[in-house]
Structures are given as structure tokens and as C-alpha cells.
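Each remark here refers to the structure printed beneath this line.
A quick note: this is a predicted structure, and the numbers were derived from the prediction, not measured. Lettering follows sequence order; numbering is per chain, from 1.
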Amino acid sequence: MKAALSRRVRSAAAFLLTALCVVIALVPLLSLAWLVVSRGWAGFSWALLTEVPGPPGGAPGGVGNALAGTGVVVFWAALLGLPLGIGAGVFLAESDHDDRLASAVRFTADVLAGVPSIVAGIVAYGLIVAPMKRFSALAGAVALAVLMLPALARTTEELVRRVPGALREGGLALGIPQWKTSLRIVLPAAAAGIATAVLLSIARIAGETGPLLFTSLNNAHWSLAPDQPIGTLTVQLYNDAISPYPAMQQRAWATALLLLVVVGLLNMAARVVAGRRAEGAHG
Amino acid sequence: MSMAHTAPLAMSGAPPRRAGSVRTGDRLWRLFLLAAGCGVFLLTALILIVLARLALPVLHQPGTWAFLTSSDWDPVAESFGALPFVWGTLVTSAVAVVLAFPVGLGVALFITEVAPTWLRRPVTFAIELLSAVPSVVYGLWGLFIVVPWLRETVEPALGAALGFLPLFSGPPLGLGYLAAGLVLAVMVLPTLASVSIEVMRTVPAGLRESAYALGATQWEVVRLAVLPHSRSGLVGALVLGTGRALGETMAVAMLIGNAPSVGTSLFAPGYSLASVIANEFAEAGSDAHVGALAALGLVLFLVTIAFNAAARLLIGRRQP
Amino acid sequence: MDETVRMAVRGLSAFHRGTAVLHNVTLDVRDRSVLAVIGPSGCGKSTFLRCLNRMHELAPGASVTGEILLDGRDIHGPGVDPVALRRRVGMVFQRPNPFPTMSIFENVAAGLRLNRMAGDLDAVVERALRAAALWDEVKDRLRGSPGSLSGGQQQRLCIARALAVEPEVLLMDEPASALDPIASARVEDLVHELKARYTVVIVTHNMQQAARVSDSTAFFYLGRLVEHSPTAELFTNPREERTEEYVTGRFG
């Protein structure tokens, strides 16, 4: 039985190795979380949420304008991206399995979902910044909308496909036109799932930095105007992180904590909505 | 029950107008869906057109091949060579994937094969958390934690042990290919792990059971049934992870050192496609500079498209 | 029983991606009667039913030839809107399919509301629920979710939903097959009552059920109508040999 024993030992060793991999993966997560929370908390204050950033080398001020700016950019991005993304998803879900156009759209969306965010920034630059000759919140929003669209379309498709065909038939058999059956019967049945997907995609774009650097640029003052440059949490954080001033670096850690809280809340909201859907399915 | 047989409420009296309006609604709805669906195409076309229009003058001037192979990048003199950025992108991505793939595979095996059921969800959740952290926060963490650690501990040790290899020679600067690649590894890990998990879940239960029935140990089941069956999917995960790493911007921009040179040592500072676009685009003064950056974007776009398409084909379509 | 013909099917064939699934069917459905459609699975009885309200053509690659006349007018004629047709020819499905995001009340009102039909919603909903013999069981929880109802109640809710738009013909596709025997018996009783006001076509795989509820029965086999006779006659003294084999349980 010696062979069997050594085989079992090898099995145990291999699995120990996989456990070690999990530990290796968790070390950066814990290190990052600990540093952002401890250093960020040290720089946290009401001023962070209500004031504009102070000048380099001066008092730190806050990132209130950037928090609002992130909200503005994300709002416009969602306004542009959600109808198109969800619409494309419903289009895919309502098409037949052997529809060539739909297969092509599906494949394009899959591929597009992996396009680097920075490329979306160049597109927004070419479409909005160059013709308007001005960096603007809207340009940033266009970049983020491009980023959220493909994944949202694919998720929506899957969710709508999961709605039983019997519901659609039930609607059509009542003499309800197709578009109303889709909008009022099928989509509501998938609504909780779609809401989850929307929240997750908003959480994702709220953390984007690269494409905003040369679209919405930055703004050290309060501004909510869509046609003006605007400060955002991520760009502010980037500028502070690479600055040589300790006060600004401190502000970067506090901003990172704020950003994680915002993204975390969005993720949590998504989970709550998803959980409620699971409960509803039992009732 | 007091339901008299009243005349059908609406139908017999329904004017043809209603039938007409019903059809219009359906037609408009289908038109909207078609437009949204084709919007995905339009978007792809738009990306290509915008990039090409900005980039073409530059690609014409020195020629595409010269642009890709020149290593001289001097916006002031309007001399544009893409090689340092292509090189930096490839090196950092390679470092990231080489480091992250074994770990990601291990995590996937742990979650699908090893962990007791109660542990699976929390571990999966923790790995998902890694992908929720914004890239700029990784950059911040890398800048203040990983870079000093590399500079003071890892790079001197590697240099002492393996310094005879060009890969590990040179002064330990901290900022450079290794720092960017290491943080990139953390960032692509969740992608690698989650795709691997998805792939391993498709291994038919019967295959697993027949291996057990032969008297295989748990590890032998993984080696004989799970891994061979998942091979193309795992390669797909690898390709997808590489595609992610190639396009990652902020963490690399903050950690690679931003030096437009072609370094052969992992300790050397370099530059990447995405990070030079991030750093220089807003301040690009001339059309030529903007065009050169857009050309870099075009290269990045085409390369990532190729990687993603390949990954999709390898992982296969498992959607209904 | 009224002798007027409500629906007349003339030479109806149905195709799915080029394959014929229904061959040249001709039969009459008399007003305010119950027609049962029986036959082994795959015989085309469901397709036949779905042709009657043009649901069949919604499937990709589906088409029909022949005529179906409703009150003498071809339902495939130019100017006939399938959406409007389906309000005159209602349908109940094999598995209850209440709309999960709507309350019980909203489910019954859905056809009226989403079609912007006029009428006193409260009164219509109550009438439809009474007609479906569900009113007493749900009148105190009209705002509740249909998910809280039993399978049999859900099916009667779907019947009420179909009745609320006041159809002339009601198609039922094995409406009791997913229900337990007691709920199934209630649905059968209901079909009996509905006959007084509606024309009912019911597909069933249960021959006892067909014998109990219907006035006439049509037997389908391999996409063809083998025999259509008064129910008593078809079950006791069938004209065709294959019908006899099927109703006596020798095949199927």
C-alpha cells in the first residue's frame, strides 16, 4: 500500500498548493484594503467632502467638487449608455437563434467589451473634444458610455432570455402588441436583474480614470456644467498620487477611501437588488 | 354570476385605426431595437474611423513600419517611434500573466475542487473584490507599497542571485517593468480565476466520476479529467487575461517609470501604449503629436481586439 | 346548442421551416359549443390550436396555407390585424403563466389596460374572476401577487385574464394537464359553464376529460384530421379504425 500512500500524499500536497495560491491572492487585497482604510481615514474630514482642493503646497482642502463631478459624468454616461445598451440586449434576446445579424452584433459586443478604456477616451476626444475645441464633462461621459454599453447589452440579453417564453405568449395571446408585451410584461420580469447589471456597470465606470484625463480633464473649482471641464474623484486622485507634496499624497489616500466607499456602496446596492430578486422568485 | 353576454367590448366596434396604430408601435419598437443592435456595429466603426482619421497623417509620414520599429519618441522634434511603448506593453503584460496564471489556476482549482462548500462563496467573493478596485487605487498602492518593497528588498535580492541574466541586471529603481507587471498581475488575477472556474465547471460530472471509479485520488482526477478537458478554455483564459493586461492604463502609467526607452532589464523604467496616451494626450500641442498618440491607440485597439476574439473562440460559446 | 358555425377551417396546412406539421384540415366549430381536440403527442393538435389565433406564425420559419373563417371572414385576409384577432380569440396555456410582476387584479386587467380598452376596470375584473370561479377565493387579496396562488388558482386566473377582454372564442391548450386532480376537475366544471357564453376549443391528451367536457371531438393523427364527430359518437362508435384504436387505448 506504499504506492497508494504516496499518491495520497501527492494529492494532499497539490491541494495545499492551491490553498497557498488563495493566500497569495489575498495578500495584496488585504494590504491594499488596510492601507487605504488606515491612511485614508487619517486624512478624512468633512472638508474632504465639502471643499475644493487647495493649491499645491498649501492647505489640502477637499475633493467635494470632484465627488459631484464624478456624479455628473456618470449621470450623463448612464443617460447615453443605458437605453442603447439595454436596447441592444433586448434586440439580441428577441432575435432568432440563427439570425446572422444578431450573431454578428453579439460577437462584436463580446469583442468590444474588451476594448481598453483609454481607446474609448480617444474616440470621445475625436467626437466631442476636437470639434468643440474644449474638454468637457460630456466628452468624459461619452467615453464612459462607450465602455458600459457592450457588457450591459450582453447581460441584458441573458436576463431577458431567462424570462419564460410563456409570459410573452401570454401577453400576445391577450391581443397585446409585441412592443407593449416586451416593455410591460417581459422587461419588468427581468427588471431586478437588469437593475443589478446597471448598478454594477455604473460602479465600474465610476472608477475609470484613463479616458477622463483628456476628455473631462480636471477642474479645481465647483462645476456641474456638461460643456465645461470637470473634476472627478479618479483624476483628482491620480494627480495627487503622483505629486511630490505629502499633503496632496495624504489627500490621495483619503480620496481613494472615498472612491472605494462609493464603488462599494454601488456594488452593495447591486447585491441587495439581486438578493431581492432571488427572494421574489420563491414567493 | 351576473355576466351577461355583452357584445364584445372593443373588438367588433374597433375601428381599423387601432389596428393601424398597433402595427406602427410594433414597427417603431423593432426599429429602435434594430438601431440599438446596430449601434454596437456603429460604435466599432466609429472607433476605427476616429482613430484612423487622427492617426493616418502620422502613419503616412514616416510609414507604418517605420513608426512601429523606431524607438525615438520626441514630440517636440515631431519624431515619433512606437517601439518603446509596444515593448513596454508586451513586457509588463508578459510579467503579469506569467505571475498571475499559475496563481489564478490554483485559486480556480481551490474553489472548484478543494474548498468545502461553505468556504467557496467567501473565497469567490474576495477574488471578485479584487476586480472591483479601481485601477487608479491599484496605482496608488503600487506607488507607495510595491515600489519601495521592490526597490529595497526584492530587486537587490534578485540582482544578487540572478544578476548574471540581463533580465535581472541593473540598479534596483523600484519604478519599472517589474513594478508595473507585478501590480498588473494582481489586477488580471480575478479575470484568470473566474474564467478558469467557469471553464472547469463545464467538465461533465460523468468524466469526473469515471476517473474516481478507476480509483484515482482527488488530485489525479484533476490531472486526468479536469485539466485535459479544460485545456482550450484555460488557454482562452490566459489570452483573455493578456488582453486585459495589454490595455490596462492607470496602474501602469503610475508604476512603469515613464521613460520612452527599450529596456532589457525588468528593473529598468519603460513606457506602455496606454500610459503614454494617458499622460501626453491632454497636453499634445500639435496635430502630429495627437495623431501619433492616436496611432498608438489604434495599435492597442487592434491588438486587444485580436486577443479578445481569439479568447472568445477558445473559451467557446456557452451561452444559450 | 347553437348550430351557427363560429369558426370554419378550410384546407388548413401548417408548416415549420418548410416541413408540414398539419395537412389539409377542414372542420367547423359551432357557436357556444366545446370542441375537444385529441390525439397522440406530436399529432399537430397544439399547432392546430395555435393557427386559430395566429400564434403559430410567431415562431420563426412558420407558415400556413388554407383558410380559417371567423364569422365568415378569413382571419388571414388583408386588413386583419393578428393582434386584434387575438382579442377575439383568447387563449389559455398548458402551464399557468400569470404575469409575475403584476398583482392579481392587474393580471386580469392587463389585457384591457395594455390595449387601452375602455370600461369600468373594477367591474370587468370582478366579472371575469366570477366567470372563472375564482372571485370568492381572491376577492380579499386582489392586490396580492399571483405567486401566492396554487397552481389550479393560477390557471383559473389565466382563464379570467383571457375572459376579461371578452373574447368570442376561447382556445385552451391542455389547461388541466399541469394540475392535480381536484384543480383539474374545477377547470373542467368551468369549461362546462363557459360554454353558455363562449365557443371553446380545448386540446387535451386526456380522453376521459374530452368525453366529459366536449360536445364534439376531433381526433388528429400525424398531422391529419382523422375524424370529427359528436363526442358521444366518437367514443362509442367511431367511424374510423384508427380512432377506435386510439380511444380504446391500443396505441398512443
Side-chain angles (χ1 to χ4, degrees), chain A residues 7-8 10-11 14-15 17-19 21-22 24-26 28-29 31-32 35-36 84 87-88 90-92 94 105 108-112 114-119 122-123 126-127 146 149-150 153 158 161 177-179 182 207 209-210 213-214 217 234 237-238 241-242 252 256 259-260 263 267, chain B residues 22 25-26 28-29 32-34 36-37 39-41 43-44 46-47 50-51 53-54 103 106-107 109-110 114 123 126-127 129-130 132-137 139-141 143 145 186 189 217-220 243 247 249-250 254 274 277-278 281-282 294 297 300-301 304-305 308-309 312 319-320:
Chain A
R7 279 167 58 207
R8 252 178 288 147
R10 194 177 306 160
S11 188
F15 286 138
L17 213 60
T18 66
C21 286
V22 173
I24 292 174
L26 292 184
L29 181 67
S31 158
L32 186 145
L35 280 155
V36 170
L84 281 177
V90 176
F91 167 76
L92 288 173
E94 293 200 347
V105 169
T108 313
D110 278 348
V111 171
L112 216 56
V115 164
S117 60
I118 197 85
V119 172
I122 303 180
V123 174
L127 287 179
V146 169
L149 198 148
E158 258 176 66
R161 272 194 197 281
Q178 300 210 357
W179 68 278
S182 292
T209 316
L213 289 170
F214 47 91
L217 202 72
T234 50
L237 165 51
Y238 173 59
I242 59 173
L259 187 60
L260 284 192
V263 171
N267 273 289
Chain B
V22 162
D26 276 352
L28 284 176
W29 172 243
F32 165 71
L33 291 183
L34 190 68
V40 177
F41 278 141
L43 199 61
T44 316
L46 218 58
I47 292 175
V50 169
L51 288 177
R53 223 190 44 204
L54 290 171
V103 180
V107 169
L109 282 174
F110 182 81
V114 183
V123 173
I127 300 298
L129 273 185
L130 275 176
V133 176
S135 146
V136 67
V137 176
L140 179 72
W141 172 72
L143 205 53
I145 306 305
V186 178
L189 182 71
T217 63
Q218 226 181 338
W219 169 244
E220 285 162 347
T249 311
M250 294 318 294
M254 293 164 85
I277 298 170
F281 212 104
L300 186 61
F301 176 67
T304 45
I305 289 268
N308 279 306
R312 292 285 154 200
Q319 264 72 44

Interchain contact, V123(B) with chain A, by part (heavy-atom threshold 4.5 Å): side chain
Selection from G247(B), A126(B), A282(B) maximising heavy-atom pairs under 4.5 Å formed with chain A: A282(B)
Option in A153(A), G126(A), A14(A) with maximal non-hydrogen atom pairs under 4.5 Å from chain B: A14(A)
Structural part of L213(A) lying under 4.5 Å from a heavy atom of chain B: both
Winner by heavy-atom pair count (cut-off under 4.5 Å) against chain B, out of G207(A), A88(A), A19(A): A88(A)
Contact leader toward chain B among I24(A), L84(A), L35(A), where contacts are heavy-atom pairs under 4.5 Å: L35(A)
Closest non-hydrogen atom pair between L127(A) and L46(B), with its separation: CD1-CD2, 3.5 Å
Options V136(B), V133(B), V137(B), V107(B), ranked by heavy-atom pairs under 4.5 Å with chain A, top entry: V136(B)
Under 4.5 Å from any heavy atom of chain A - which part of L130(B): both
L33(B) side chain reached by E94(A) side chain, heavy atoms, under 4.5 Å: yes
Proximity breakdown for L92(A) and chain B, heavy-atom pairs closer than 4.5 Å: neither
CG-CZ distance between L217(A) and F281(B), expressed to the nearest 0.5 angstrom: 12.5 Å
Contacting moiety of F32(B), where chain A heavy atoms sit under 4.5 Å: side chain
Gap between atom CD of Q218(B) and atom CZ of R8(A) - 0.5 Å precision: 12.5 Å
Considering all heavy atoms, the nearest I122(A)-G297(B) contact: CD1-CA, 3.8 Å
Part of P28(A) lying under 4.5 Å from any heavy atom of chain B: both
Portion of L140(B) that has a non-hydrogen atom of chain A nearer than 4.5 angstrom: both
I127(B) versus chain A, the contacting section by heavy-atom distance below 4.5 Å: side chain
Chain A contact via I305(B) - side chain, backbone, both or neither, heavy atoms under 4.5 Å: both
Distance, nearest 0.5 Å, that separates CD1 of I118(A) from CE of M250(B): 7.5 Å
W29(B) and V90(A), any side-chain heavy atoms less than 4.5 Å apart: yes
Contact winner vs chain A - L109(B), L54(B), T217(B), heavy-atom pairs under 4.5 Å: T217(B)
Spatial distance of atom CE (M254(B)) from atom CG (L237(A)) [nearest 0.5 Å]: 6.0 Å
Non-hydrogen atoms of T18(A) and V114(B) that approach each other most closely: OG1-CG2, 3.6 Å
Contacting moiety of I47(B), where chain A heavy atoms sit under 4.5 Å: both
Minimum heavy-atom distance between A36(B) and G87(A), given as atom pair plus value: CB-C, 3.5 Å
L28(B) and W179(A), any side-chain heavy atoms less than 4.5 Å apart: no
Non-hydrogen side-chain atoms of P134(B) and L260(A) separated by less than 4.5 Å: yes
Segment of V263(A) engaging chain B (4.5 angstrom heavy-atom cut-off): side chain
Within-4.5 Å side-chain heavy-atom neighbours: P116(A) and T249(B): no
Chain B contact via L259(A) - side chain, backbone, both or neither, heavy atoms under 4.5 Å: side chain
Minimal non-hydrogen separation, G114(A) against T304(B), with atom names: O-CB, 4.3 Å
Interatomic spacing from CG in L29(A) to CH2 in W141(B) - rounded to 0.5 Å: 9.5 Å
Under 4.5 Å from a heavy atom of chain B, the part of L26(A) involved: side chain
L149(A) portion near chain B, given a 4.5 angstrom heavy-atom threshold: side chain
Closest non-hydrogen atom pair between S31(A) and I145(B), with its separation: OG-CG2, 4.2 Å
I277(B), part contacting chain A, at a heavy-atom distance under 4.5 Å: both
Side chain / backbone / both / neither for V186(B) at chain A, heavy atoms under 4.5 Å: side chain
Heavy-atom check, side chain of D110(A) versus side chain of N308(B), under 4.5 Å: no
Geometric class of the W219(B)/F15(A) ring pair [parallel <30°, tilted 30-60°, perpendicular >60°]: perpendicular
